[in-house]
Amino acid sequence: MNEKYLPQDVEQKWQKRWADDRVFEVAVNPEKPKFYALEMLPYPSGRIHIGHVRNYSIGDAFAWYKRLQGFNVLHPIGWDAFGMPAENAAIKNKMRPDVWTRSNIDVMRAQLQRVGFSYDWSREIASCNADFYRWNQWFFIQMYKQGLVYRKRATVNWCTECQTSLANEQAEGGFCWRHTETPVEKRELEQWFVRLTKYNEELLAAIDGELRGNWPERVLTMQRNWIGRSEGALVDFALAGQPEKKIRIFTTRIDTIFGANAVVVAPEHPMMAELLAQAPNRAEIEAFIERVRSLSFVDRTSETAEKQGFATGAFVVNPFSQEQLPVWVANFVLAEYGTGAIMCVPAHDERDYEFSRKFHLPIRRVILPNSNNDTEDTLRYSEMPYLGPGFLSSNCGAYVGMDSEEARTKLAEIAHEQGFGESTVTYRIRDWGISRQRAWGTPIPMVHCAACGIVPADEKDLPILLPDDLDFNIGAPLAHHPYFVTATCPNCQGPARRDTDTMDTFVDSNWYYFRYCDAKNDRQAFDPAVVKYWMPVDFYIGGIEHAVLHLIYTRVWSKIMRDIGLVEFNEPVKQLLTQGMVILNGVKMSKNKGNVVDPDEMIERYGADATRLSILFAAPPEKEVDWKKMLRVMNPDSPYCDQVFKLVRTYADESGQMVHDIELQNGEFHTLPEGDGMVDYPAAEGAMRYLARLWRLVRKWHDRTQPGATAENLHFNELQQGVRRATHQTIKRISEAYEDGLRLNVTVAACMELTNHLYEFDGKLKDGEPTAEGDCFVMKEGIEALLVLLAPLCPHITQECWEALGHPGYLTDARWPVFDAELAREAHLEIPVQVNGKIRSKVLVAPDASDDHIREAALHDAKVMAAMEGKTVAKVIVVPKRLVNVVVK
RNA sequence: ACGGGAGUGGCGUAACUGGCAAACGCUCUGGUCUUAGAAACCAGUGAUUGUGGGUUCGAAUCCCACCUUCCGUACCA
């Protein structure tokens with residue numbers, strides 16, 4: 001064992017051995033319990049950043065933890081390799097996207113290996129490889145045959161930056177998920193859709209069932225809201241004088257229908273032409289509709305948007321009251337939700353109230369809050385609009401006095417019986433449009449034949465290969481590629497045209513982790529028997545940003561695979577952890593924001609183990625880490641450096657060189673002069689200091705401990721027992737931290753504490769004297785436990801130390817230390833004694849002392865007696881083994 | 001606006017879930033060692049737990065109000 005801890009040497013040595021001996025490669029083994037540890041796969045954007053290091057360090061720690069517990073752990077990695085940035089690089093740098101992507105992958109793979117993650121590299125996949133995406137095409141065809149993908153013309157979201165359509169989930173809030181500054185536009189397009197909505201109820205059931213407690217509540221809430229289930233009723237309002245023509249509305253409050261003062265339709269409503277037939281100011285209304293329709297999603301829904309509308313001149317009949325109501329068109333009614341038409345009930349809906357007040361429409365109360373003896377007088381002072389439950393008022397014809405909840409079902413039933421409505425459930429979630437007008441993606445395996453229509457490609461013709469000589473400087477490269485476009489109809493063998501759209505890249509991430517299970521299979525997407533062994537994923541780590549994107553799609557995809565007969569389970573991910581981001585100056589790190597911190601420099605200076613340790617120690621996994629608090633500008637000669645934390649922005653300049661800006665005053669950034677940009681990482685330095693300390697301890701003791709020694713026939717003195725106690729308390733603490741929310745920061749603290757304790761013990765021994773057998777045993781026990789407990793975080797140094805202690809094999813064969821409650825028990829308890837809630841003294845008692853004994857000891861303590869002087873004891877509270885509180889008056 | 005988190009030393013955080021507040025680390029100060037520095041080691045500074053009220057023998061922890069902050073949703077009828 002080297003005298004000095006040299007992380008580079010240690011890390012390179014073991015990384016090479018791990019690779020040579022394929023230490024982390026696993027195979028199906030029915031004898032062993034399996035564990036599937038997974039992290040969301042990276043996009044090969046160029047280089048790894050510190051956020052990746054954090055995410056993957058968390059996952060690696062858990063994979064190691066399970067491995068040390070004896071599980072057969074599958075821990076794979078791969079590349080989300082299709083997508084826009086490659087295509088942009090192709091346009092900008094005239095590089096082929098596959099070349100760009102693969103060279104990025106090579107760089108990033110080397111970086112990941114340098115961090116020493118315990119991946120089974122034999123399973124590495126890249127979604128841009130034909131042996132992967134051919135199965136996207138295969139799935140597509142299966143789903144097409146089952147009616148789970150279908151084609152329709154629809155208004156879709158269009159990102160002008162991406163030059164492609166987007167799914168609703170990818171345009172949340174009106175902005176593109178990649179370009180959060182770019183508002184999406186609407187376009188009419190013919191597209192392929194995946195029938196997500198078939199699984200609405202199933203998705204919801206699991207959110208409130210098996211996923212609850214195992215997925216973060218935050219993610220479940222977001223998914224629940226996204227699915228947006230809403231129970232209500234559809235009601236037809238016939239046009240006055242034209243009973244065969246009806247406007248269908250959706251409402252969750254059919255019980256308020258007697259209070260309707262109008263029917264309001266969205267500007268896009270399909271009956272608009274008919275409704276406007278009578279309108280005297282038709283031109284004005286049409287101009288209004290045109291104006292609203294041309295607004296971007298954001299402008300149209302922004303908070304400041306005032307309610308605007310026009311009466312169309314048409315009237316409808318309220319089917320319950322036979323009352324004639326005007327039909328209005330207004331900007332606040334959404335065409336894409338419900339039926340695109342509502343009934344306006346101002347007394348019991350905020351928006352309708354605001355709208356009616358503005359346009360002076362009559363407001364009529366139909367739900368009375370307290371009972372049916374509310375009078376108009378008492379109501380005058382009650383709130384408007386009233387949204388709560390109550391009783392139907394005398395405005396409600398035969399239903400007066402009915403409970404509003406009851407009326408909700410009752411009126412829907414009546415509507416159904418009389419043929420003008422029914423109760424229904426609507427959802428906010430839409431089917432998933434997966435066609436993309438891009439070239440760097442999975443070609444959609446469909447053929448357009450003049451004679452046969454749209455026909456799926458023959459399965460034996462898969463994969464439909466993406467040409468590698470596309471010209472990216474013309475729009476729609478696939479459509480302009482003659483050999484790609486030309487096809488033969490699988491049906492009639494006549495000439496046909498290929499679909500020139502590609503699939504959304506979220507298709508790849510739907511099932512990549514199934515492919516890891518059987519990554520080399522060239523006959524099927526995966527062997528169901530193999531997947532049956534490894535799946536579902538036991539522990540999945542990724543960012544919260546995929547809560548309603550990837551994590552909804554992939555749940556549905558699993559259900560589709562189940563329905564096709566490939567798998568048997570319903571949910572693909574048992575437990576989910578959403579790790580906190582690493583942010584810099586309040587912004588998430590990402591390549592296109594230019595604020596990426598490259599870990600290479602840190603690893604070079606402090607080693608991979610210290611880098612990992614420092615970032616895991618910084619905060620619990622689900623919390624954000626602010627990178628600026630992890631670093632400091634260091635250059636004592638620089639006038640900018642005065643031993644004070646500075647705000648540093650780290651990014652790569654044009655040439656790829658890392659540059660550090662430093663913030664001085666007033667939030668202004670200044671580029672540091674040449675040579676002053678030295679950045680120091682106190683956190684990583686501290687981590688390395690700790691590891692060096694551990695190293696020295698092991699070095700001092702490694703040849704004094706015998707690998708085979710047992711505690712039998714040894715009698716331990718008090719000091720030695722203290723070491724064993726600390727060891728076992730640490731085992732307990734760390735094991736609990738893993739099980740209870742994977743609080744890795746706590747495990748680091750506990751390891752340091754144990755190390756401190758071992759040093760303390762070492763310091764008490766007289767140097768130079770032959771060491772007692774008991775001393776050697778307890779140190780060996782402590783050090784070995786410490787190494788195994790720390791291995792998930794710092795696999796290199798612990799492995800090196802493990803070897804130094806005389807263990808021939810890899811740490812993967814070590815086992816998580818077993819906690820012994822007897823050894824962890826305190827020799828005696830120090831019980832704090834309070835007098836009226838204030839700590840006055842402490843008494844020492846035996847660990848098995850009775851409450852009575854503790855009480856007596858406390859009451860006879862000199863300091864306690866002094867504090868009670870002249871007062872009478874009212875009550876004595878004894879918390880077993882914990883504390884005594886004497887209440888005196 | 002609504003919904004959900006979160007406020008603990010100069011900083012990051014911990015506290016067995018109602019029982020000794022601050023473990024662990026960073027920073028800082030002093031010392032030992034050294035020609036000097038670094039490293040290392042030793043010692044030390046550091047809190048009305050956001051504010052106010054309540055429950056309790058006892059509150060960082062539970063309840064109420066307020067303040068600050070982060071995240072999510074944003075006319076979904």
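So you know, we letter chains A, B, ... as the sequences are listed, proteins then strands, and number each from 1.
Residue-level contact check: A:Gln834 touches the bases, meaning some heavy atom is under 4.0 Å from a base atom. Heavy atoms of A:Asn756 sit under 4.0 angstrom from primed sugar atoms or phosphate atoms, though from no base atom. Here A:Val333 lies in heavy-atom contact (under 4.0 Å) with a base. Looking at heavy-atom distances under 4.0 Å, A:Ile839 makes contact with sugar-phosphate atoms alone, never a base.
When distances are taken from the side chain of A:Arg428 to each of B:A77, B:G25, B:A74, the shortest belongs to B:A74. Closest contact between the side chain of A:Arg218 and the listed nucleotides B:A77, B:C71, B:G19 involves B:C71.
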Check your understanding: If the sugar-phosphate is the primed atoms plus P, OP1 and OP2 and the base is the rest, what is the B/S/- string for nucleotides 11-17 of chain B, using protein heavy atoms under 4.0 Å?
Key -> SBSSSB-
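Checked against A:Gln729 for a side chain to side chain contact (heavy atoms under 4.5 Å, CB included), the options A:Glu826, A:His757, A:Arg825, A:Glu753 give a single hit: A:Glu826.
Under the 30°/60° scheme for interplanar angles, the aromatic rings of A:Phe819 and A:His728 are found to be tilted.
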Output one line per pair: protein atom, nucleotide atom from nucleotides 36-40 of chain B, and distance, for all N/O pairs under 3.5 Å.
{"from": "B:A40", "atom 1": "O3'", "to": "A:Arg696", "atom 2": "NH2", "distance (Å)": "2.9"}

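The 5' end of RNA chain B is approached more closely, in terms of each residue's nearest nucleotide, by A:Asn225 than by the other of A:Asp352 and A:Asn225.
For A:Lys875 and B:C57, a side-chain-to-base donor-acceptor distance below 3.5 Å is absent, hydrogens and geometry of angles not being considered.
Aromatic pair A:Phe420/A:Phe237: ring centres not closer than 6.0 Å.
By the 6.0 Å contact criterion, CD on A:Glu350 is open, its count of non-hydrogen atoms from other residues, nucleotides or ligands being 12 or less.
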